[in-house]
2 protein chains.
Amino acid sequence: MSDPIRSENLLYLTDEQLRQGIEAMYFAYRGFTADPDRILESMAYGRAHHRAIHFIHRAPGTTVTNLLDILGVTKQSLNRVLRTLIEDGLVESRVGTSDRRERNLFLTEDGTALERRLSDSQRARMRTAFREAGPEDVAGFRRVLEAMMEGEMKRQYLSLRESGK
Amino acid sequence: MSDPIRSENLLYLTDEQLRQGIEAMYFAYRGFTADPDRILESMAYGRAHHRAIHFIHRAPGTTVTNLLDILGVTKQSLNRVLRTLIEDGLVESRVGTSDRRERNLFLTEDGTALERRLSDSQRARMRTAFREAGPEDVAGFRRVLEAMMEGEMKRQYLSLRESGK
DNA sequence: TTGGAGTGTCAACAAAGCTGACGTATTGTG
DNA sequence: CACAATACGTCAGCTTTGTTGACACTCCAA
């Protein structure tokens, strides 16, 4: 308070600003998941299925263990989801070529179609939000989110980011 | 592609950019909830308890119905959480003064202490992220998140925002 | 050939959502 | 005043998605 320049610089770090940031994350995340949730609830699927489909699409041929690392759930939890997706013909599990213990996961044609339907709805909302805000704000959005990730997750995010062209 | 100026302006709206935004939201949200989750798991509580505590702290004296609207869950779901919090002496439920059918919810001293512990950890992460990014980025972060909310949730977010000084 | 890693399955359970139905106290209205 | 509506709590039962523990199979590598 004794230094007006310094305190003005830090006004965006007041507890009230931080709390608004927290609430913004909470309400925005609900919006973020709302569209895919509506599609999924009409089928027998939930968010867990969506996450699996998303990352298999993103990294085709990924192994079960790798998916476990990305999703941060237990093998049993993922396996239950994966089993229904395989039974329903959305995901294909191929025995690994170099290491035959591993299973490489791929989306089938139907799986790809569902992935597109889900991500279209989510991208549409993201696109609207991005367009409404503008490129500068989007850059800030990205930088703040990246700074909010935990170390290991950030590593995974960045490595996915690099692999995506 | 025929108009380089127009296409450069819209480069931040490519599908790859949008997908990275989606993944950033996913991984950042996990970081966002990680600290309170660690505190809560040591007790018998979960995220649902955290949300109730947060919004009771934010709007002391709020009614059950109002909390239901904010959290978007069913009465039974909220009631289960609320009951344990009241039993454990973290939340107090007072009969309404003007309308005795209503229950006004308040945090007790213990409840306030837990709220502080939880929000301190979450604010610390938010503060670090905000500081790392800077005020411009934080403004962008906020604008994009607000544009991502659904109508009703955005209304609630803004009304909470106004009530907070 | 044997130990360990990767994978999958079974059983049992918990947290936290949901629906539907019902009871009670209170309030507002005809 | 009588009755409908509201706010709240609760019972029963179901779903999804997470958990732990135990165990079997395949296969690679030392």
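Order of the sequence lines fixes the chain letters, A, B, ..., with proteins taken first and strands second; residue numbering starts at 1 for each chain. Below, all heavy atoms of this structure are taken into account, side chains as well, without hydrogens, waters or symmetry copies.
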Hey, are B:E23 and A:R58 close enough for a salt bridge, meaning a charged N less than 4.0 Å from a carboxylate O?
-> yes
Check if the side chain of A:Q76 and the base of D:dG21 share a donor-acceptor pair of N or O atoms closer than 3.5 Å.
-> yes
Is any side-chain heavy atom of B:L71 closer than 4.5 Å to a side-chain heavy atom of B:N66?
-> no
Of A:R80 and A:S93, the one whose closest nucleotide on DNA chain C sits nearer the 5' end is A:S93
Under 6.0 Å between ring centres, would you say that holds for B:Y29 and A:Y26?
-> no
Take the protein atom CD1 of A:I53 and the nucleotide atom C1' of D:dT17, then report the distance between them rounded to whole Å.
-> 15 Å
Closest listed nucleotide, where the reference is the side chain of A:V73 and the choices are C:dT27, D:dT19, C:dA16 | D:dT19
Could you tell me whether A:R47 contacts a base, only the sugar-phosphate backbone, or nothing, with contacts defined as non-hydrogen atoms closer than 4.0 Å?
-> sugar-phosphate
Can you figure out which of C:dT26, D:dT17, C:dG17 approaches the side chain of B:R100 most closely?
-> C:dT26
Could you state the NZ-C1' distance from B:K75 to C:dA21, rounded to the nearest angstrom?
-> 10 Å
A:R51 side chain N/O closer than 4.0 Å to the phosphate oxygens (OP1, OP2) of D:dG18?
-> yes
To the nearest Å, give me how far apart CD1 (A:I86) and C1' (C:dG8) are.
-> 10 Å
Among C:dG20, D:dC8, D:dT17, the nucleotide that comes nearest once only the side chain of B:R103 is considered = D:dC8
Looking at D:dT17, D:dT20, D:dT6, which one has an atom nearest to any side-chain atom of A:T74?
-> D:dT20
Contact class for B:R83 vs. all strands (heavy atom < 4.0 Å): base, sugar-phosphate, or nothing?
-> sugar-phosphate
For B:N104 and D:dA7, what is the distance between atoms CG and C1' respectively, to the nearest whole Å?
-> 12 Å
Does B:R101 get its side chain close enough to the base of C:dA25, under 3.5 Å, for a donor-acceptor pair?
-> no
Rounded to the nearest angstrom, tell me the gap between atom CG in A:L68 and atom P in C:dA5.
-> 16 Å
Given D:dG18, D:dA7, D:dC28, which nucleotide is nearest the side-chain atoms of B:T65?
-> D:dA7
For the side chain of A:N79, starting at C-beta, report the closest nucleotide among D:dG18, C:dG8, D:dG9.
-> C:dG8
Within the structure, does a side-chain N or O atom of B:H49 lie under 4.0 Å from either OP1 or OP2 of C:dA16?
-> yes
Taking the inter-plane angle between the rings of A:F141 and A:F130 on a 0 to 90° scale, is it parallel (under 30°), tilted (30 to 60°) or perpendicular (over 60°)?
-> perpendicular
Whole-Å distance between C:dC18 C1' and B:L71 CG?
-> 15 Å
Whole-Å distance between D:dA7 C1' and B:E102 CD?
-> 7 Å
Using the ring of each side chain (for Trp, its six-membered ring), is A:H50 parallel, tilted or perpendicular to A:H54, with breaks at 30° and 60°?
-> perpendicular
Please give, in whole Å, the distance from D:dG9 P to B:L78 CG?
-> 8 Å
Between A:R123 and A:E115, is the closest basic N to carboxylate O distance under 4.0 Å?
-> no
